[in-house]
Number of protein chains: 2
Amino acid sequence: MKKRLNADIQKPKIVKHFYKTILGQGFEGASIAKVAKRMNIHPSLILHYFGNKENLTLALVDYVIEAYNSLLKKYKAKDLAPEDRLERLLEAIWSREYYEKINVAGSFAVLAVSFRNEKIHGKIRDLYRIFKKFLVREFRFLIDNNLICMDDPEQTAEIIMTMIEGSRHFRAFIIDDDRDDDQVRRYNQEMISVARKLLTSFSS
Amino acid sequence: MKKRLNADIQKPKIVKHFYKTILGQGFEGASIAKVAKRMNIHPSLILHYFGNKENLTLALVDYVIEAYNSLLKKYKAKDLAPEDRLERLLEAIWSREYYEKINVAGSFAVLAVSFRNEKIHGKIRDLYRIFKKFLVREFRFLIDNNLICMDDPEQTAEIIMTMIEGSRHFRAFIIDDDRDDDQVRRYNQEMISVARKLLTSFSS
DNA sequence: TATAATTAACTGAACGATCAGTTAATTATT
DNA sequence: AATAATTAACTGATCGTTCAGTTAATTATA
């Protein structure tokens, strides 16, 4: 006697299970049937809610993007003393919480698909635009308080974003054993250190 | 009356067409049948040569990795004056030739698959190890000639690699119109400039 | 040099499994 | 009784794979 759930609950649930299936089986391996099996529902129910796989995929992308976006919304440093805000920002960016919010395999799957789907590519581009704006706003605050200096905050934001995405890549492929927490922590500290120098000692 | 080609010619040809198919259809969309159709051969011929799709995939990864590796082999700066070698290195790393050698969509497809295939993951890790060694060797030469200074060449190599991979990411997703050459060129110059400062003015 | 033996390149048809998607029926909730 | 949730049964296409057989190129033999 399975309880019936309404669309508001069931739809996000399906998306989440789709995401989990992708993590285990990859994008190509994540069929509607497998998602349904994992949820113990009928495959047709998924198509009933999403119409087709394209829509399910787009919903997944929204889910992943929203997960990232929530990190920015959560980030509140207004109450901190200006001199502490730089450290807070750097630590947030290279924190476990940030880069583990969405599994790196999940990210890559979505990014790979985006090359063949302009809608998805656009959504990702939007996410980065929002993130860039966020960084520029933080930089401007720090500049106004004479804590850092730079010629072009937009340009500097681009460099920091490059380093952030590079770090995600690095942790996944270059660090020998990704279970070695010390190595990862040391690497993150390295990156924070470089970013700090970049923000405080360069005049561009 | 199709001419018969021997394995030495046909096998790499199949791998290249597999790669091209992935670019157009994505990894999940690149079936053996589609590759065969593109080549105007019978699907069975592909299996005749590779046995199964897994082997074809591994051959593709080798092909992509070899393409990258060839860039390092090609890189010769021994004849240059020591003071020119830093610029040569930076320009090579952020050159069109380097980052367009393998299409970014192709790279992402391979990287995404690697999360579910330890063999592929290992091959990619090996590639990065080789690249790191290459960078460290170049850095040591520059240090010996008093052109740059740093505490830990290995650590610096990691940072530069992070920036390189981040750049690939950035160009794909963050720059508004990826056909705008000027914007890309300006961005590459930015990154070269940051890398140069990092190598010349930091004591770590 | 001609021919037979062997190897390598290649094709065709068929396999069971799985895919996304359609249509219709059933069941629960309000 | 009306509506929404869920399942059942099914379709046609495509997937990777197997296997038996054909055709061409190469090598050995007479």
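First the proteins, then the strands, lettered A, B, ... as listed; each starts at 1.
Residue B/Gln10 has a polar side-chain atom (N or O) positioned under 4.0 Å from OP1 or OP2 of C/dC10. OP1 or OP2 of C/dC19 lies within a sub-4.0 Å distance of a side-chain N or O belonging to A/Ser31. Here A/Tyr49 reaches the OP1 or OP2 of D/dT6: one of its side-chain N or O atoms lies under 4.0 Å away.
You'll find a donor-acceptor pair under 3.5 Å spanning the side chain of B/Ser44 and the base of C/dG12, going by distance alone.
Straight-line distance from the CD1 atom of A/Ile46 to the C1' atom of D/dA5: 14 Å, rounded to whole Å. When the P atom of D/dA5 is taken as reference, atom CE of A/Met39 falls 13 Å away, rounded to whole Å. In this structure, NZ of B/Lys53 is placed 8 Å from C1' of D/dC15, rounded to the nearest angstrom. A straight line from CD of B/Glu28 to C1' of D/dT14 spans 15 Å, rounded to a whole angstrom. Rounded to whole Å, the distance from CG on B/Leu47 to C1' on D/dA20 is 15 Å. Between the P atom of C/dA9 and the CG atom of B/Asp8 lies a distance of 8 Å, rounded to the nearest Å. Atoms NE2 (B/His42) and P (C/dG12) sit 5 Å apart, rounded to a whole Å. Separating the CD1 atom of A/Ile14 from the C1' atom of D/dT7 is a distance of 14 Å, rounded to the nearest angstrom.
The side chain of B/Ile41 lies closest to C/dT11, out of C/dC10, C/dT11, C/dA20. Picking from C/dA9, C/dC19, D/dC15 the nucleotide with the shortest atom distance to the side chain of A/Lys34 gives C/dC19. The side chain of B/Asn52 sits closest to D/dT17 out of D/dT17, C/dA20, C/dT27. For B/Leu5, whose side chain is taken as the heavy atoms from C-beta onward, the closest listed nucleotide among C/dC19, C/dC10, D/dC15 is C/dC10. Residue A/His48 places its side chain closer to D/dT6 than to any other of D/dT6, C/dA20, D/dT17.
No engagement by A/Phe50 is indicated, since no non-hydrogen atom pair under 4.0 Å with the nucleic acid exists. Here B/Lys11 lies out of heavy-atom contact (under 4.0 Å) with every strand. Contact annotation for A/Leu45: base contact, defined as any heavy-atom pair under 4.0 Å involving a base atom.
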- Message: Would A/Tyr128 and B/His169 count as a ring pair (Phe, Tyr, Trp, His ring centres under 6.0 Å) here? Give the steps.
- Response: CA-CA 11 Å; A/Tyr128 281 121; B/His169 192 101; 5.6 Å; yes
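Separating the CZ atom in A/Phe115 from the CD1 atom in A/Ile120 is a distance of 11.5 Å, to the nearest 0.5 Å.
For the pair A/Arg125 and B/Phe173, the cation-pi test (distance below 6.0 Å, angle within 45°) is failed. A cation-pi geometry, defined here as NZ or CZ lying under 6.0 Å from the six-membered ring centre and within 45° of its normal, does not hold between B/Lys16 and B/Tyr63.
The residue from A/Tyr68, A/Tyr98, A/Phe134, A/Phe131 that alone fulfils the ring pair (Phe, Tyr, Trp, His ring centres under 6.0 Å) condition with A/Tyr75 is A/Phe134.
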